[in-house]
Enquirer: 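One structure is given below, represented as structure tokens, and several questions about it will come after.
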Amino acid sequence: MPELPEVETTRRGIAPHLKGQRVTKVIVRQPMLRWPVPHDLAQLLTGQVITDVTRRGKYLLLQTAKGTLILHLGMSGSLRIINPQTAPEKHDHVDIVVGKNKCLRLRDPRRFGAVLWTGDEPVQHELLRKLGPEPLSDEFTAEYLFDRSRKRKQSIKQFIMDSHIVVGVGNIYANEALFLAGIRPGTAAGRLTRNRVEQLAQHIREVLEAAIKQGGTTLRDFTASDGKPGYFQQQLYVYGRGSEACRICNTPIKLMRQGQRATYYCPQCQR
DNA sequence: AGAGGTACCTGGCAGC
DNA sequence: TGCTGCCAGGTACCTC
């Protein structure tokens with residue numbers, strides 16, 4: 001999926017087109033996403049004014065006076081603002097038309113994404129309630145990460161990718177942050193010293209901020225809402241670079257598997 | 001409670 | 001050209 005920077009880039013792209021706009025039409029072509037799209041979504045949303053477009057972790061939240069539309073892009077989802085006349089393509093599952101001629105269109109070939117509705121405070125929603133802190137907020141401190149990691153035998157990479165620990169760190173940025181912090185991805189989380197956890201927390205923040213600034217990483221199925229590619233790809237140190245020379249020391253980057261996910265690291269720079 | 005594996009789904013690509 | 005197998009940004013849910 002889009003990881004946090006891609007979701008945030010998407011949010012920034014679509015928000016100006018949606019904020020303050022009234023929903024005039026909702027079209028659901030494929031209701032079977034990760035969970036079924038609410039059957040009465042059109043009824044719930046039509047006529048509502050979108051008051052704000054926010055984000056919690058990788059969930060996008062379209063707020064209205066009546067409730068909140070919760071969107072998740074899964075592995076392959078993307079959102080764009082188009083003219084509602086534009087013919088839908090194969091995997092264009094949901095349209096939310098606002099005003100007279102703007103449409104938020106969700107495309108998601110793999111259908112791991114979600115479109116849900118809640119009438120309550122979105123943070124109270126079952127899926128959002130137990131999420132860890134935002135990595136770019138003041139809540140995400142080295143102290144917090146250190147405390148949570150104590151006695152955990154799980155690898156540090158899987159630990160930072162757990163959204164109940166911290167949200168938004170997906171496979172790309174987990175690999176990158178561990179490289180920048182000089183930590184082997186397979187190290188047990190509980191065995192890292194306070195100092196190293198501090199380094200890691202700092203690099204998680206930095207890599208996500210840098211990626212957001214560059215508009216995310218261009219991936220197979222991801223394009224920002226304006227269709228422009230992200231530029232972060234060009235500065236990945238390890239992700240997707242198996243057998244290639246480390247940009248720092250020239251040692252070949254290693255590829256291994258952790259929890260059926262690809263892990264890349266430099267055996268020289270990461271100890 | 002924590003750790004590990006499975007499942008959901010489609011498309012692209014390498015190899016034969 | 002066509003088939004098969006593997007890979008891909010996520011994460012809830014199940015079992016041990």
Enquirer: Does the side chain of R205(A) pick up a donor-acceptor pair with the side chain of Q202(A) at under 3.5 Å?
Expert: yes
Enquirer: Which is true for R257(A) with a 4.0 Å heavy-atom rule: it touches a base, it touches only sugar-phosphate, or it touches nothing?
Expert: sugar-phosphate
Enquirer: Kindly say whether, by distance alone, the side chain of R261(A) makes a donor-acceptor pair under 3.5 Å with the base of dA8(C)?
Expert: no
Enquirer: Answer yes or no: are there more than 12 heavy-atom neighbours, outside Y237(A) itself, under 6.0 Å from its atom OH?
Expert: no
Enquirer: Within this structure, what is the CG-to-C1' distance between L127(A) and dG10(C), rounded to whole angstrom?
Expert: 12 Å
Enquirer: The side chain of A262(A) is closest to which nucleotide in this list: dA8(C), dT6(B), dG10(C)?
Expert: dA8(C)
Enquirer: Answer yes or no: does a side-chain N or O of H72(A) lie under 4.0 Å from OP1 or OP2 of dT11(C)?
Expert: yes
Enquirer: Stems in DNA chain C: runs of 3 or more consecutive Watson-Crick or G-U pairs, distances under 3.5 Å?
Expert: B:2-8 with C:10-16, B:10-16 with C:2-8
Enquirer: Starting the side chain at C-beta, find the nucleotide from dT11(C), dT10(B), dA12(C) nearest to R110(A).
Expert: dT10(B)
Enquirer: Does H91(A) make a side-chain N or O approach to OP1 or OP2 of dG11(B) shorter than 4.0 Å?
Expert: yes
Enquirer: How far does the P atom of dC6(C) sit from the matching atom of dT6(B), given to the nearest Å?
Expert: 14 Å
Enquirer: Base, sugar-phosphate alone, or nothing: which one does Y59(A) contact when heavy atoms must sit under 4.0 Å apart?
Expert: sugar-phosphate
Enquirer: Detail all sub-3.5 Å separations between protein N/O atoms and N/O atoms belonging to nucleotides 1-3 of chain B.
Expert:
| residue | atom | partner | partner atom | Å |
| --- | --- | --- | --- | --- |
| dA3(B) | OP1 | K153(A) | N | 2.5 |
| dA3(B) | OP1 | Q154(A) | N | 3.1 |
| dA3(B) | OP2 | R152(A) | NE | 2.8 |
| dA3(B) | OP2 | R152(A) | NH2 | 3.2 |

Enquirer: When we call it a touch if two heavy atoms are under 4.0 Å apart, what does K90(A) touch: a base, just sugar-phosphate, or nothing?
Expert: sugar-phosphate
Enquirer: Quick one: does L192(A)'s side chain get under 4.5 Å of F159(A)'s, heavy atoms only?
Expert: no
Enquirer: Please list, in numerical order, the residues of residues 111-123 of chain A that have a heavy atom closer than 4.0 Å to any atom of DNA chain B.
Expert: R111(A), F112(A)
Enquirer: Specify the separation, in whole Å, of atom CD of E126(A) and atom P of dC13(C).
Expert: 8 Å
